[in-house]
Each structure stands twice: as structure tokens, then as C-alpha cells.
Amino acid sequence: MFALVDCNTFYASCEAIFNPAVRGKPVVVLSNNDGCIISRNAEAKALGIPGMLPFFQVRKQVEDGGCHIFSSNYELYGDISARVMRLMEPYAVEMEVYSIDEAFLSLHCDDFHAHGHAIKDMLWQNIRMPVCVGIAPSKTLAKLANRAAKKIPRLNGVCVLDTPEKWEWLLARISLDDIWGIGSRIKKRLNEMGIYNGLQLARSDAKWLRRRFSVVLEKTIRELNGESCLPLELSPEPKKEIICSRSFSYKVTELHELQQAVSLYAARACEKMRKQCGLTAMLWVYLESFQDQVHFHRQKLVKLPGLTNDTRVIAEAGADAIAEIFKPGLRYKKCGIGLLDLRTRQFEQLDFYAPQQSQQSRQLMSTMDKINERFGRYTIQLANTGIQPKWLMSRNFKSPAYTTRWADIPVVRC
DNA sequence: TCTGGGGTCCTAGGACCC
DNA sequence: TCTGGGGTCCTAGGACCC
């Protein structure tokens with residue numbers, strides 16, 4: 001059996017951990033640049049505040065409702081997530097960390113109800129993280145069970161689907177896009193074929209639908225019938241590409257500012273890449289401008305002469321590429337850089353003619369990472385990223401990095 | 001005025017190889 | 001006028017997820 005443990009309104013719940021004053025009050029968390037609402041707790045939902053909507057459109061409603069507003073604080077959420085996962089580990093035979101706020105666990109026990117409640121209670125007691133638990137014989141059904149645990153109050157946060165009668169009862173009552181793996185496009189096409197609810201899908205011909213859609217849908221159908229087709233992915237595969245892109249706080253028009261931004265994002269992306277011992281020889285830069293209600297995208301792929309993890313090399317290549325796709329006179333809202341086709345040193349293809357990254361460069365990067373990890377992310381950075389540049393995304397409601405920065409540690413006075 | 005950011009997998013079709 | 005058969009690799013685009 002699989003359990004899916006999913007944190008309730010994760011970002012909003014993180015904000016409440018070290019700030020109990022907001023517990024029981026409406027809370028909303030905004031995306032980068034304070035653009036959209038990306039998380040809101042039950043109290044905020046009760047006020048009728050919709051999710052994934054531009055903040056400015058609902059700002060009045062949010063403020064009138066007395067909501068506590070937070071900018072997103074990924075340093076905090078990432079650290080809380082790691083703690084939640086660590087606490088859950090002893091409760092599973094094996095565990096797959098599926099996203100920042102959820103994990104699949106494989107279970108071996110007699111009483112799934114009791115086990116689900118044990119996990120839920122433990123997480124609340126240890127870290128004040130409210131969760132719901134869904135348990136079923138396949139990951140897709142566990143997802144569904146979790147949804148039910150969240151929606152149906154009398155389940156008290158834990159739902160076990162251990163017989164076909166139970167999951168079929170639920171499947172008959174849900175729309176197709178409530179099923180994991182089915183989005184709006186596939187839902188629409190299935191509707192056109194006369195399939196509207198989960199049970200109808202579960203009873204359709206998987207092989208026939210595979211030919212019309214893909215193997216993914218076939219597996220979904222089999223999983224809905226209690227057959228496990230998606231195994232746990234235990235050790236996360238290293239990423240094949242790493243992208244870093246952000247919107248600016250205002251519309252940027254100057255080339256040098258775009259180059260500062262792409263250097264900064266390159267540094268972040270390289271840091272992530274080095275963390276997984278990755279190297280790249282291929283990068284991609286991207287510019288998005290906005291004028292007269294129209295978006296323009298320009299992008300460029302760059303091949304480096306050899307594999308590297310050196311921030312300086314990649315930032316420079318990125319800045320050069322930006323200069324090539326830059327068109328003066330446009331107002332830019334966003335830019336980004338992607339490191340593609342990541343390799344590890346182990347599989348480095350040695351090329352007689354390609355320049356190899358020097359020992360000195362590797363050591364410099366490793367030292368830089370160690371210092372930044374010890375003393376904070378931007379202790380050492382490239383000079384060409386600018387010093388507190390104005391275009392940097394705004395985060396006007398950011399909470400402290402309670403658990404990851406010395407200066408921000410909460411103080412208890414008695 | 002103001003609309004996030006970061007990933008994965010699958011398939012079809014073209015290029016190329018023997 | 002006639003024009004094989006089988007395979008791999010790569011890329012773009014579509015769809016999905018959180």
C-alpha cells in the first residue's frame with residue numbers, strides 16, 4: 001500500500017510555525033515579485049479569496065478581510081520541507097519525496113487508519129505542520145484518497161481506500177481533471193468521447209485509449225483499478241536541466257541591467273548544478289518583453305567549448321548571448337538562463353581539442369560554495385551582478401529566514 | 001501600473017546510418 | 001518507369017505536475 005502525505009496549504013502553514021499570532025487567522029502567500037497569490041489557508045479561503053490570481057486584483061478584498069500577507073520565503077519553506085521529510089522517514093518502508101510539500105510512502109502494517117493518524121499527529125506535534133494522508137494500493141489512488149481526506153471533514157484528515165467499492169464510490173463522484181495525470185486538454189478530449197467521471201474512465205478500454213493518447217493514460221487507468229504501475233522513485237535522479245528565471249520589479253530597458261540579472265541567475269543555477277556534481281556545455285538564455293499588450297520572447301542556445309561548472313564562464317557566456325538577442329527600445333519584464341544537457345564528471349567525454357576546466361577553477365568554485373553556505377547565499381558573488389540592483393524582484397512582505405540565517409533566529413525572552 | 005517559477009515525460013517527424 | 005528495410009538519435013512541441 002502507498003500513502004500520500006501532503007501538507008495543508010504548505011507555504012501558509014510554514015509562515016504560521018514561528019508566528020503563532022497568525023494561527024487561526026487568514027493568511028495568504030504571494031509568488032515572487034508579489035505577483036500572484038500562491039497559497040492561502042483555510043481561513044483565507046473562507047473569506048472567498050481565490051487562488052492563483054494576481055494580487056492587485058484582490059488586494060482590497062485581502063486587506064479588508066484582515067489577512068496576514070507574506071511574500072514567498074523559499075529559504076524557509078525548503079528547510080521546513082526537509083524537516084518534515086526527515087520526521088516521516090521512520091514511518092515508511094520506503095519513501096519518495098515527490099515535491100516540496102508531499103511524499104509517497106510505502107507501508108507495511110496492519111492498521112492503515114491508525115498509521116495514517118500516527119503520521120498526522122506526529123507532524124503536528126513535532127513541527128506544527130498540518131497534513132492529510134491518503135492510503136491506497138496505487139499512487140494515483142493514494143492521490144485521490146488524499147484529496148478526499150482534504151475535502152471530506154468527517155474523515156478527519158486520513159482516508160484509506162483499501163477495497164474497490166471504496167475507490168469506485170469516490171471515482172463516480174469526481175471529475176476527470178481531479179485525477180493525477182489528467183489535465184484540462186485530455187479531460188476535454190475524453191469528454192468528447194463521452195467519458196466524464198473517474199469511474200467511467202476506470203472502466204474504459206486502456207489499450208484502446210493508449211493508442212489515441214499515450215502510455216501515460218493507459219497507466220493512469222490501470223492505477224485507477226488498483227493496479228500499481230508507478231513505482232516509488234527512491235533516490236531523486238539528478239536534474240537534466242536547471243533553469244533560473246525571474247520577473248523584474250519594473251520594466252527594464254537597459255542592456256547592462258539585463259546582463260546583471262542574467263549573471264545573477266547564472267550564479268544561482270550554477271550553484272544548484274554544482275550541488276548535484278553537474279557540468280554543462282550548453283546553455284540557453286531567454287528575454288521576455290512586454291509592449292502594447294503583446295509579449296515578445298527571444299531566446300538563444302549557446303554551446304560552450306567544453307564542460308564546465310564555473311560560474312564566471314557561464315555568466316559571461318550568458319551575458320554575451322543576452323547582448324545578441326537584446327533589441328533596444330523594448331521594455332523587458334523577465335529574463336532567464338537554463339543549463340541544459342547536464343553531465344557528471346564521471347561521464348565526461350574527453351576531447352583532445354576542447355579546453356578542460358582547470359583545477360584552479362574547480363577549487364575556486366568549491367571554496368565559493370562553502371563560504372556562501374556557511375555565511376549566507378550572497379556573501380561572495382560576481383561583481384557584475386550589481387550591488388543591490390533596483391530591478392531585483394520585490395518582496396515587500398517577507399518573513400525572516402527563521403531556521404537558516406543566524407541573524408533571523410527567533411528569540412524567546414522569559 | 002501591477003499576472004510565478006521550475007521541472008518531467010511522451011510522441012512524431014526528420015536526419016542519418018548500414 | 002522503376003526507387004529497401006530496419007534502426008538510432010535528436011529536436012520541437014504538447015501535456016502534465018507542484
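Every value quoted in this text rests on a predicted model; they were computed, and no experiment measured them. Residue numbers start from 1 in every chain, and the chains themselves are labelled A, B, ... in the order their sequence lines are given, proteins ahead of strands.
Nearest to the side chain of A:Glu102, among B:dC2, B:dT11, C:dC18, sits C:dC18. Listed candidates were C:dC16, B:dG4, B:dG6. Nearest to the side chain of A:Met52 is B:dG4. Comparing C:dC18, B:dT11, C:dA15 by their closest approach to the side chain of A:Val215 singles out B:dT11. Comparing B:dC10, B:dG5, B:dG6 by their nearest atom to the side chain of A:Ile243 picks out B:dG6. Of all nucleotides listed (B:dT8, B:dG4, B:dG6), B:dT8 comes nearest to the side chain of A:Glu241. With B:dC10, B:dT8, C:dC18 as the candidates, the nucleotide lying closest to the side chain of A:Val216 is B:dC10. When distances run from any side-chain atom of A:Ser247 to the nucleotides B:dG6, B:dG4, C:dC17, the shortest one goes to B:dG4. When the nucleotides C:dC18, B:dG6, B:dG4 are ranked by their closest atom to the side chain of A:Tyr74, B:dG4 comes out on top. Here the side chain of A:Tyr98 is nearest to one of C:dC17, C:dA15, B:dC9, namely C:dC17. Comparing C:dC18, C:dC16, B:dG4 by their closest approach to the side chain of A:Asp101 singles out C:dC18.
Distances shown here put every side-chain N or O of A:Lys143 at or beyond 4.0 Å from the OP1 or OP2 atom of C:dC17. For the OP1/OP2 pair of B:dG6 and a distance below 4.0 Å, the side-chain nitrogens and oxygens of A:Ser245 include at least one atom meeting the criterion. For B:dC10, neither phosphate oxygen OP1 nor OP2 lies less than 4.0 angstrom from any side-chain nitrogen or oxygen of A:Arg210. At B:dG5, one or more side-chain N or O atoms of A:Lys334 fall inside 4.0 Å of OP1 or OP2 (strictly under the cut-off). For the OP1/OP2 pair of B:dC9 and a distance below 4.0 Å, the side-chain nitrogens and oxygens of A:Lys219 include no atom meeting the criterion.
One atom, CZ of A:Arg395, and another, C1' of B:dC2, lie 18 Å apart when rounded to the nearest Å. In this structure, A:Phe55 places its CZ atom 14 Å from P of B:dG4, rounding to the nearest Å. Summarising the geometry, the separation between CZ on A:Arg211 and C1' on B:dT11 is reported as 16 Å, rounded to the nearest angstrom. Separating the NE2 atom of A:His297 from the C1' atom of B:dG5 is a distance of 14 Å, rounded to the nearest angstrom.
Taking atom P in both C:dC18 and B:dT3, one finds a spacing of 25 Å when rounded to whole Å.
The line from CG of A:Leu4 to CD of A:Glu96 is 9.5 Å long, rounded to the nearest 0.5 Å. Atom-to-atom distance recorded for A:Leu190:CG and A:Arg212:CZ is 12.0 Å, nearest 0.5 angstrom.
Classification of A:Glu218 and A:Arg222 as a salt-bridged pair holds, one side-chain N sitting under 4.0 Å from a carboxylate O.
In this structure, A:Leu224 and A:Leu141 have side chains that are in contact, with non-hydrogen atoms separated by less than 4.5 Å.
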